[in-house]
Amino acid sequence: MLLLAAVSCSKPVKVAIPGYEEKVVIEGLIETDGFPLVLISKNKNVYAPVSQAEILGSYLSGATVWVSDGTTTIQLTEICTDNLPAGMDTTVANFLGIPLEVLNQTTICAYVGLDPNFKGEVGKTYTLKVDFEGKTYQAASKILDPIPLLSSYWKEETDLPDYGFSHHFLQDPPQKNNAYLFEVKRLNVDSTGQPKDKRYYKTFTPYIDDEFFNGKTFEFFYENPMSYDEEIPDAYKGYYKRGDTLEIKFSNYEYNVFRFLYAISLQKMSGGSPFTLPTNAVGNIPGALGAWIAFSPTYSTLVCQ
Amino acid sequence: MRNSTFLFFFFLFQLSFAQDSIIFSGKVLEHHSQQPLDFATVSIKELNQLVYTDENGAFSMVIPSGKYHVTVQLIDYEDYSVTIHLKTAETQLFYLKKVINEESQQLDEVKVSAKRGQNIESSKIGVIELEVKDIKTLPSFMGEVDIIKTVQSLPGVSSVSEGSQGFYVRGGGPDQNLVLLDGAQIYNASHLFGFFSVFNVDAISSMSLSKGGMTADYGGRISSLMEIKMREGDMKRYHVNGGIGLISSRLEVDGPIQKDKSSFMVAARRTYIDVLMKPFLSKKPALSGLGYYFYDLNFKFNFRLSSKDRLFISSYLGKDNFKYSSADDGMSVSMPWGNQMASIRWNHLFSQKHFMNVTGFYTGYDINFSSKVDNYDITMGTGIRDAGGRIDFTWLPNIRHRIRYGVDYVFHRFTPATVEAYQEDVSFDTGKQQRLNAHESAVFIADDWDITEKWRLNIGLRYSMYQFVGPFDRYEKGPVNSDSVTHYSKGDLIAFHNGWEPRISTRILLGKNSSIKAGFSVNYQYVHLASLTSVAFPSDLWVPSTEKIKPQSGWQATAGYFKDFFGGKYETSVEIYYKHMYNLVEFANGSMPTDNVNDNVDNQLINGKGWSYGAEFFIKKVTGKLTGWIGYTWAKSERMFPEIQATPFPSKYDRRHDLNLVLNYKISDRWTVSANFVYATGNTLTMPSSWYIYNQEVVMEYGGRNSTRMPDYHRLDLSATWFDKPYRKKTKIVDGEEVKVLKKIRHNVNFSVYNVYNRANPYFLYLSVKGDLTSDKFAMSVKQVSLFPILPSVTWNFEF
């Protein structure tokens, strides 16, 4: 690939790409101690306009959404950004990582379970049901037992003092097909006193399964994904700085959910290259794109020193 | 009474035939090297009979005894005529001298094919034959002329794109071509992802490609047979050939080991891209650790053991080696791949009518990948090794029959994927390394039968068998955590496949200058190339037929009209074909590269079927100052894999239009110019037809398989070749006469320009996504990646 990259060039072209068919996309999740959240959108033609307003306006209203844990069923509440309670707009803008004025120019709708007695519990299977535009979509997902990291440490690079990667140990259970997601954020505050990172970020290859290390104690390391968006010299990108405090969110997923998320991750890595098989991310919602995902995160803190 | 009279006269007729008819046979050899010359004509004027010599230079005809004027002819060689009084069965050796006058020298340099008359005479349909000397003046790519690239400019044969290895015959896949180098299979005939073939032109003498259905003596592939012969060393003199090009150099040495008894040929080629690029890459830190080269080594030994026995030993070793290292990132990558092959062939003549070839061979192809990042080590490999043999006989019972029969056998050992990974003292579970073993064998018989003077029939039958045997572990994938493994011990028969493979082709002469031909063939193929990528790549996996994956099979029907014009100066043909293929192999949707760990590769493969049809038009100018050809193909190739898509979809090799123009013009004795133009409908590929947002990331949703067609491909290449004067003048001391003497050292310089008008041809398309999804800089577009702009090159060739 490197060799080909050295001799190749690229240019935009417009060719006919047949096969576009409008589909509903359902993005639903529930985590341990969390409320269920569902976003509904539609897929877009590759030549469709991609302005910021149009992308943000993709999340649709008008659906009726239920979630059940087998004994209790709740209907989720539709919340749109044009009808947020006072003060909530800033929080939502921060969550989405967009300026407040952009949020005010569009309408983003989500379906949220607000029942304080209905939060994700380990060991329960949650069923999703969505009625939208005359069709019904259903899926189920289970919150598995959490598998925490054994330990973590920060290792300084020998040729880059005060900078290094985060290293982690995992004891994988003896059962096969355990699957994980690694996310991280820094708890440091910036010069204004606000947290540096307002949400968790995924690393470059955040989804892993135990195909290669089933039942073993395994050490791995990750780069600092936030650093790539920062205005710092390239030489420091990818590293945590001495003094950074990290909060690691390490989640355990069902294997079919992992396959869906891993396919998305492979797509991102391959960047449409012909050296990979065209692979669609196949979710667990018949008739719709996307997935309904239940997962069990564990949290740990690492001080880089 | 009438019956008795008839039988009496019939008996008399048979008796007189038996008394007067004799078998006249022999061989035609090159005068100096004593190498056999094929496709020489041996004609008897008084009987108006003509036969061609075979690849051993042998011929045979049944004629009445008598005194005849026999003429032996072959283009580039002086005619040889002799009057022979044939009373009993006679075996004659004819030696032809190469023409050395300037007129024929010109012919030698510009002709496209020496095999005149074959266009309409041969019963084979869809056969392309090339001699290496014919392509040396054609435009080269980065200084390297290439026999496979030349073949790809002929109708019915194509490459998928620049940078894609293999070649594609009449809508078939790259694994459906049997490529034999001196009788041993070459599994990956490409270097540098398909930019060059593994065949060093200095080490090769000729190539033939059967695309219209191979004869019964070969099998194992359902699309085509490419036979490549290595040069044999001269038994009388030493020769050195070589060339220094832009990115590679090559050298070939041949000559006698023991004069008139044995000879050798050694050839080597190596690229020096790594050396040339180093100063440029060192300026870019990210690329400074990049290195790539390939090399080829060819050996051939030829022993004349007796007047009836010859022994040929051939070997080839080729390797590509890609390396990348970055001290800053603590990373190093190495990826070597290549072929190894050795064959030995004993040619024995029981008589001039009956001879035998016994061949033993070994061939292997491996690709390995190793990477080290900090304290992580990973090595991966895949490959195939074959060992086998073949005994084939040729029997010429009379002038009308040429019968070939024999058996062949090959033992395959596949390594679909081996992975080893370590992190200091922790060894990752990468599954048990699988070695898959299989026996493949066949018996065959074929007859090239001249039913009448005008009607020739090549009819044959092949029966092939295949056994997939242990040791082997079969993984049965159940629900999560419920996999089971079935173990087979060494030699256990796990699967048996077999099939009858009838082959028939026929030619009917329509007057002196035209013929019609038709053919039908059935083929079985027991090995498959499975690709996880959209383009053929060296890392593609060779996998055997198993109890889950059935052998590929296919049938092809083809017909054509062939006509020569102006005494054979122009050869033309129109061929149509239909090919149907069963049990083709693809990875199932959603297969991922790591899925074969603790699993069998074939658990991810699915079977489907395919079909292709088309028409090929070909005009070739054989002699004169201007030679070359125009080929046009209209074709369609589709696949049906219900588990991938409910409806048929175009194959990766589907090209509606394919036009090739190759011209070679001799301006003078010193200069020849050539041009090569190609136009082809764009290739198909699978592109995302839509996208959606999931968890603030863009997710592609791919449309129909191969439903997008890339822009059309077209390109013009030009070249000019300068030759030094072949002769020097010398004055005879005795009488002062000035004569021309062939120079001992000759050389030429080839100047080539690839892609003259700098067309940005598509290599692949991709959906480019830039910027953060929630930012106002987010952009999405379809982009085309192109590989080679205009590329000039110069190559200096020499021989002495």
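Basis for what follows: all heavy atoms, side chains included, without hydrogens, waters or symmetry-related copies. Letters A, B, ... mirror the listed sequences (proteins, then strands); counts begin at 1.
- For the pair B:Ser689 and A:Pro18, the tightest heavy-atom approach, listed with the atom from each and the gap, is CB-O, 3.6 Å.
- Not one N or O on the side chain of B:Glu697 forms a donor-acceptor pair closer than 3.5 Å with the backbone of A:Ile264.
- For the set B:Val769, B:Val333, B:Asn695, the entry with the most heavy-atom pairs within less than 4.5 Å of chain A is B:Asn695.
- Contact check for A:Leu261 versus B:Tyr694: side-chain heavy atoms found under the 4.5 Å cut-off.
- The main-chain N or O of B:Tyr702 is found under 3.5 Å from a side-chain atom of A:Asn280 such that the two form a donor-acceptor pair.
- For A:Val282, no part lies near chain B; criterion is any non-hydrogen pair under 4.5 Å.
- Under the 4.5 Å side-chain criterion, counting only non-hydrogen atoms from C-beta, B:Glu701 is in contact with A:Lys23.
- The environment of A:Tyr20 atom OH is dense: over 12 non-hydrogen atoms of other residues, nucleotides or ligands sit within 6.0 angstrom.
- Environment of NZ in A:Lys249: crowded, with over 12 heavy atoms of neighbouring residues, nucleotides or ligands closer than 6.0 Å.
- By the 4.5 Å heavy-atom criterion applied to side chains, B:Arg709 and A:Val15 are not counted as neighbours.
- Qualifying side-chain hydrogen bond (donor to acceptor under 3.5 Å, both in side chains) partners for B:Tyr692, counting only residues two or more places apart in sequence or in other chains: none.
- Between chain A and the options B:Gly703, B:Pro688, B:Ser781, B:Gly704, heavy-atom pairs under 4.5 Å are most frequent for B:Pro688.
- For A:Ala291, the parts sitting under 4.5 Å from any heavy atom of chain B are the backbone and the side chain alike.
- Using a 4.5 Å heavy-atom cutoff, the side chains of B:Ile693 and A:Ser58 are in contact.
- The part of A:Val25 that comes within reach of chain B is its side chain, from C-beta onward, which places non-hydrogen atoms under 4.5 angstrom from that chain.
- Contact of the B:Val782 side chain with the A:Pro12 side chain is not registered, since no non-hydrogen atoms from C-beta on lie closer than 4.5 Å.
- Across every non-hydrogen atom of B:Ser690 and A:Val46, the tightest pair is N-CG1, 4.0 Å.
- By the 6.0 Å contact criterion, CD on B:Glu643 is open, its count of non-hydrogen atoms from other residues, nucleotides or ligands being 12 or less.
- By the side-chain hydrogen bond (donor to acceptor under 3.5 Å, both in side chains) test, A:Lys42 is found to be paired with A:Glu22, A:Glu133, residues two or more places apart in sequence or in another chain being considered.
- Counting heavy atoms from C-beta on, the side chains of A:Ile17 and B:Ser707 never come closer than 4.5 Å.
- For A:Ala16, the part lying near chain B is the backbone, with the side chain staying farther off; criterion is any non-hydrogen pair under 4.5 Å.
- Atom NZ of A:Lys237 has more than 12 neighbouring heavy atoms from other residues, nucleotides or ligands inside a 6.0 Å radius.
- Looking at A:Leu160, neither its backbone nor its side chain comes within 4.5 Å of chain B, counting heavy atoms on both sides.
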